[in-house]
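The block underneath contains the structure these notes are about, expressed in C-alpha cells.
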Number of protein chains: 2
Amino acid sequence: MRLVIARCTVDYAGRLTAHLPSAVRLLLVKADGSVSVHADDRAYKPLNWMSPPCWLTEDDGSWVVRNKADETLTITLEEIQHDSSHELGLDPGLVKDGVEAHLQELLAEHVHTLGDGWTLVRREYPTAIGPVDLLCRDHDGGSVAVEIKRRGEIDGVEQLTRYLELLNRDPLLAPVQGIFAAQQIKPQARVLATDRGIRCVTLDYDALRGIESDEFRLF
Amino acid sequence: MRLVIARCTVDYAGRLTAHLPSAVRLLLVKADGSVSVHADDRAYKPLNWMSPPCWLTEDDGSWVVRNKADETLTITLEEIQHDSSHELGLDPGLVKDGVEAHLQELLAEHVHTLGDGWTLVRREYPTAIGPVDLLCRDHDGGSVAVEIKRRGEIDGVEQLTRYLELLNRDPLLAPVQGIFAAQQIKPQARVLATDRGIRCVTLDYDALRGIESDEFRLF
DNA sequence: AACTCGATCTCGGGG
DNA sequence: CCCCGAGGTCGAGTT
C-alpha cells in the first residue's frame, strides 16, 4: 500500500466525466492496483477512485489509471508532501453476525414458531420477479409466503405484495397468505401490511439463536 | 488527516456486530473525526469504519470511536509501523456530468423520439406523491407519463405505477399511458412493466447527445 | 430532523 | 458469466 499526500488535480472519464480542481489530497494506491483519492472528510467514500482490476502508469508527476472498459482516472501531481509504501499482507477479513441471511437461515429451521404444524417448502422460492424468502405450508396445507427483513419498512411490504399477487395466479399454490417478518417493523409498514391482510411478525434474533442452542443441547 | 499503519484488531458493535482478527492495516483518521480501516485491496470500501459525526478517544493503544446512536468501533493497536499527520484544508469538491438529470434534460428536448408528433407538457410534473419526470401528449392529445432512469429496475416500475394510478384519477388527464425509459432495463423490471401495460424504452445517451449536436450544427 | 432516491454504488450468492 | 438483492449501504436534496 502506497500513501501519497499531494496537491493535485484529478479527472475521471468513463461512466460519467468528473473533475477535481487543485487541492491537497490523500492518494491511496493499493496492492491490487486500485487507486482512490480522499479529502479530509467522509470516512467511507473517496472523492474519486478506480476499482480493480486496473493499471497505473506513472510518468513524471502525471498518473493515469485505466481499466479494461477503457475508463481513465488522470491525476496530475503539483506538489508532493508525503510518499511512503507499506507491506500489509493478506487480510483475514471481516466476521459478521446478525445479518438478514442468518435470520432467514434461523427462521427456515424454525418455521414452527410462525404456526403449529407449519413446514418449509423451500428458501429462496423462485418467481419471475425474484425469489421469495420462504415458502411454507400451514397445518392445513395452505401456502404461506414469508418476507424476512432486518428492518421492516414499506419497501419490504411492497415486495411481498408483488410476490403474493404473482403466486396467487398459480392454481397449485393459491390462495397464498403473506407474512412480513422482521426484527423491527416501522409503524407505517405495519399499517400498510395489515391493510393488505399481511400478518406482521417481530423476530427475536437472540431467541431464535436460543432455540437453536437449546435444541443442540438436547442431543 | 492522520495516517497510521499498524497491526490491530477491530470490533464494531451497532447495527450489527463484526470482528476483524489481528493483521496489519491502514487506519485513516480524518479532520471530521471519522475513522476508517483499510486492507490492501478494494479501492472503495473500508473493512470497517465510523461515519461522522463521531468521536475518537485514544487510551494507550486502545481506540474507541463512538457516535450519537452509541455504536462503537474499537481498535486495539498491537504494533505501530507508521504514524503521520497532514494538513489538507477544505476540498473544492467534485464536478460531475452525465447523470440522470442530464438524461431527463436531453429526452425532454427530444420527446419526438418516443413517438411522432409527441409534445412535452412539462418536466417534473408535480403530483401529491412526487414529481413525474416527464408528462407528454401523444399525436392524439392523449397523456403519457415518462419515468426516466439510468438503470431501469423494479423500484422504478413501482414508482411509475404509483404516478399512473394517481394521474388516472384526474379526469382532465385520464387515460394516462406509462413509459419506462432507461439506458438499461433489467429483465425483471421489463416483465413487471409489460405486465402492467407500461411500455419500455431503451435510451441511447450518446445518440441523444448526437441529435443535440446535429441540431446545433444546423444553426 | 426525517424522508426519499440516486450511485462511477460495492459486495456476495446463485443459476 | 450475468443477474439479482442487500447494505452498518452512503450522501445529497427536499419537506
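By convention in this document, chain letters (A, B, ...) are assigned in the order of the sequence lines, proteins followed by strands, and residues within each chain are numbered from 1.
Using a 4.0 Å heavy-atom criterion, one finds that A:P126 contacts no nucleic acid atom at all. Within the 4.0 angstrom heavy-atom criterion, only backbone atoms of the sugar-phosphate kind lie near A:K149; the bases stay farther away. The residue A:G14 sits apart from the nucleic acid: no heavy atom pair falls under 4.0 Å. No contact: A:E124 has no heavy atom under 4.0 Å from any strand. Here A:M50 lies out of heavy-atom contact (under 4.0 Å) with every strand.
Rounded to whole Å, the distance from CD on B:Q104 to C1' on C:dC5 is 14 Å. Following rounding to the nearest Å, B:E158 (CD) and D:dG5 (P) show an atom-to-atom distance of 12 Å. We find that CD of B:E153 is positioned 10 Å from C1' of D:dC3, with the value rounded to whole Å. Atom CG in A:L103 sits about 19 Å away from atom P in D:dG5, given to the nearest Å. What separates CG of B:D133 from C1' of C:dC5 is a distance of 11 Å, to the nearest Å. Counting to the nearest Å, the P atom of C:dG12 and the CG atom of A:L94 are 10 Å from each other. Atom NZ in A:K96 sits roughly 11 Å away from atom C1' in C:dT10 (whole-Å rounding). Rounded to whole Å, atom C1' of C:dA2 lies 14 Å from atom CD1 of A:I154.
Side chains of B:L192 and B:I198 form no contact here, defined as non-hydrogen atoms less than 4.5 Å apart.
With B:K30 contributing its side chain and A:R42 its backbone, the two residues share a donor-acceptor pair below 3.5 Å.
Contact record, B:V4 with B:W63: CG2-CH2, 3.9 Å, taken as the closest heavy-atom pair. Nearest heavy atom pair, residue A:H82 against residue A:L3, reads CD2-O, 3.5 Å.
A salt bridge links A:E71 and A:R15; the closest N-O separation between the charged side-chain nitrogens and carboxylate oxygens is under 4.0 Å. Looking at A:R2 and A:D83, a side-chain N of the basic residue comes within less than 4.0 Å of a carboxylate O on the acidic one, giving a salt bridge.
In terms of position on DNA chain C, the residue among A:K186 and B:E147 whose nearest nucleotide sits closer to the 5' end is A:K186. Where B:E71 and A:Y163 each meet DNA chain D at their nearest nucleotide, the meeting point lying more 5' is that of A:Y163.
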Q: Sugar-phosphate means primed atoms, P, OP1 and OP2; the rest is base. With that split, encode nucleotides 9-15 of chain D 5' to 3' as B, S or - using protein heavy atoms under 4.0 Å.
A: SSSS---
Q: Show your working on salt bridge (charged side-chain N to carboxylate O under 4.0 Å, His left out) between A:R162 and A:E147 and close with a plain yes or no.
A: CA-CA 11 Å; A:R162 290 194 298 271; A:E147 179 64 35; over 6 Å; no
